[in-house]
Novice: 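Just passing along the structure, written as structure tokens.
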Amino acid sequence: MELKDYLDIEQINKILVNWAACTNMIAVVLDDEGNCLTNILDFSRNSIEAFSKDIEVDEVVVASIVGGPREEGAADETIEAAAETLATAIQSTLEATYKKIQYDNMLSSFKGEINEALSLIKELNSKSHGLKKIENKQNILALNASIEAARAGETGRGFTVVAHEFGKMAHESGLINDSIQKTLKLLDSSVKDMAEKE
């Protein structure tokens, strides 16, 4: 993210104007290439440059502040203290804006992932309903196989075993599908709760 993406010039200008009024000093904010970002007080770098302070965001120098007193005679300690105060105010403002934009981007990404998760849950739910239909068909086939095996008598004995196993398989797949349905409901509820809390 570049400085211009999170630099609130209006807020920085307010800080500079208030600071100038309190300290009788003047300053300007420069980007990392030395270009003037603020100059509402007609600052001239040639005439006033008693201090220069780097501004860092995430441990990267993104800007600097250059300035000094409007009149000669200010003590070095006063200039340094005023410069530190200004640098802290501007750095805090930039960091806060930067963090807010990062948070907004992260939140937007999180919302997208929640929506994708909800979509996948719907898809899995739909497929699970398809498994329920297959289970019902398996139960009908097992029942029909049992009836036919009973009709066949002694010659259908092997078919009875197959019909019984088919019925067990239908029952077990039904239990698994019910478990999947319960898990999907819990997952759906959890994801919806997360979506509401954002």
Side-chain angles (χ1 to χ4, degrees), residues 1-12 15 29 31-33 37 54-63 87-198:
M1 200 178 325
E2 292 184 29
L3 179 63
K4 64 180 180 177
D5 296 333
Y6 58 91
L7 177 67
D8 184 348
I9 294 283
E10 187 176 318
Q11 183 67 29
I12 299 298
I15 292 170
V29 177
D31 66 16
D32 60 344
E33 295 175 358
L37 297 172
D54 286 338
I55 302 298
E56 294 181 2
V57 175
D58 274 353
E59 299 181 13
V60 175
V61 175
V62 295
T88 300
I90 290 177
Q91 182 154 340
S92 296
T93 301
L94 288 178
E95 283 178 352
T97 308
Y98 178 77
K99 295 290 183 195
K100 182 186 180 310
I101 289 171
Q102 278 188 319
Y103 173 78
D104 289 346
N105 290 342
M106 195 169 58
L107 185 61
S108 176
S109 174
F110 181 67
K111 285 179 185 178
E113 289 173 17
I114 284 178
N115 289 334
E116 189 174 326
L118 286 171
S119 176
L120 289 172
I121 289 169
K122 281 182 185 176
E123 184 180 334
L124 288 173
N125 237 341
S126 173
K127 289 180 180 179
S128 181
H129 288 298
L131 288 175
K132 186 70 174 169
K133 289 178 185 176
I134 291 170
E135 175 201 347
N136 290 338
K137 286 180 183 177
Q138 284 177 329
N139 280 325
I140 291 170
L141 287 172
L143 181 62
N144 285 340
S146 294
I147 291 169
E148 290 303 319
R151 278 190 195 162
E154 194 61 35
T155 55
R157 212 177 226 181
F159 203 60
T160 303
V161 173
V162 172
H164 178 69
E165 289 301 316
F166 211 83
K168 277 178 38 181
M169 189 172 70
H171 177 71
E172 288 172 9
S173 65
L175 292 175
I176 292 169
N177 192 41
D178 288 345
S179 175
I180 290 170
Q181 283 287 326
K182 287 177 185 172
T183 302
L184 284 173
K185 284 179 184 175
L186 289 171
L187 186 59
D188 186 55
S189 176
S190 294
V191 171
K192 285 179 179 174
D193 283 349
M194 280 193 293
E196 289 172 9
K197 290 178 183 175
E198 58 179 293

Novice: Between OG1 of Thr93 and CD1 of Ile15, what distance do you get to the nearest 0.5 Å?
Specialist: 3.0 Å
Novice: Atom CD of residue position Glu116 - does it have more than 12 heavy atoms of other residues, nucleotides or ligands inside 6.0 Å?
Specialist: no
Novice: Would you confirm whether Ser109, through its side chain, and Asn105, through its main-chain N or O, come within 3.5 Å as a donor-acceptor pair?
Specialist: no
Novice: With a 4.5 Å limit on heavy-atom distance, are the side chains of Glu165 and Lys168 in contact?
Specialist: yes
Novice: State which residues pass side-chain hydrogen bond (donor to acceptor under 3.5 Å, both in side chains) with Lys185; sequence neighbours excluded, sorted by chain then number.
Specialist: none
Novice: With rounding to the nearest 0.5 Å, note down the distance linking CD1 in Ile176 to NE2 in His171.
Specialist: 10.5 Å
Novice: Would you say the side-chain atoms of Ser173 pair up with the backbone N or O of Met169, donor to acceptor, closer than 3.5 Å?
Specialist: yes
Novice: Which value, rounded to the nearest 0.5 Å, describes the distance between Asp193 atom CG and Ile114 atom CD1?
Specialist: 10.0 Å
Novice: May I ask you to decide if Val60's main-chain N or O and Asp58's side chain share a donor-acceptor pair within less than 3.5 Å?
Specialist: no
Novice: For residues Leu143 and Asn139, determine if any side-chain heavy atom of one lies less than 4.5 Å from a side-chain heavy atom of the other.
Specialist: no
Novice: Please give me the minimum heavy-atom distance between Asp32 and Val61, naming the atom from each residue.
Specialist: CB-O, 4.1 Å
Novice: Measure the CG-CD1 distance between Leu141 and Ile134 for me, rounded to the nearest 0.5 Å.
Specialist: 11.5 Å
Novice: Throw together a table of side-chain donor-acceptor distances under 3.5 angstrom for residues 123-132, partners on residues two or more places apart or in other chains.
Specialist:
from	atom 1	to	atom 2	distance (Å)
Glu123	OE2	Lys127	NZ	3.1
Ser128	OG	Asn177	OD1	2.6
Ser128	OG	Gln181	NE2	2.5
Lys132	NZ	Glu135	OE1	3.3

Novice: Main chain of Leu175, side chain of Ser179: is a donor-acceptor contact present, judged purely on distance under 3.5 Å?
Specialist: no
Novice: How long is the straight-line distance from CD1 of Ile90 back to CG of Asp8, given to the nearest 0.5 Å?
Specialist: 11.5 Å
Novice: Do Leu7 and Thr97 make a side-chain contact, defined as non-hydrogen atoms from C-beta onward lying under 4.5 Å apart?
Specialist: no
Novice: Checking Lys182 against Asp178 for the salt bridge (Lys or Arg N to Asp or Glu O under 4.0 Å) test, could you report, in this order, the C-alpha distance in whole Å, the side-chain angles of both residues, the deciding distance, and whether it holds?
Specialist: CA-CA 6 Å; Lys182 287 177 185 172; Asp178 288 345; over 6 Å; no
Novice: Would you say the side-chain atoms of Ser108 pair up with the backbone N or O of Asp104, donor to acceptor, closer than 3.5 Å?
Specialist: no
Novice: Looking at Ala87 and Ile55, what are the two nearest heavy atoms and their distance?
Specialist: O-CD1, 3.6 Å
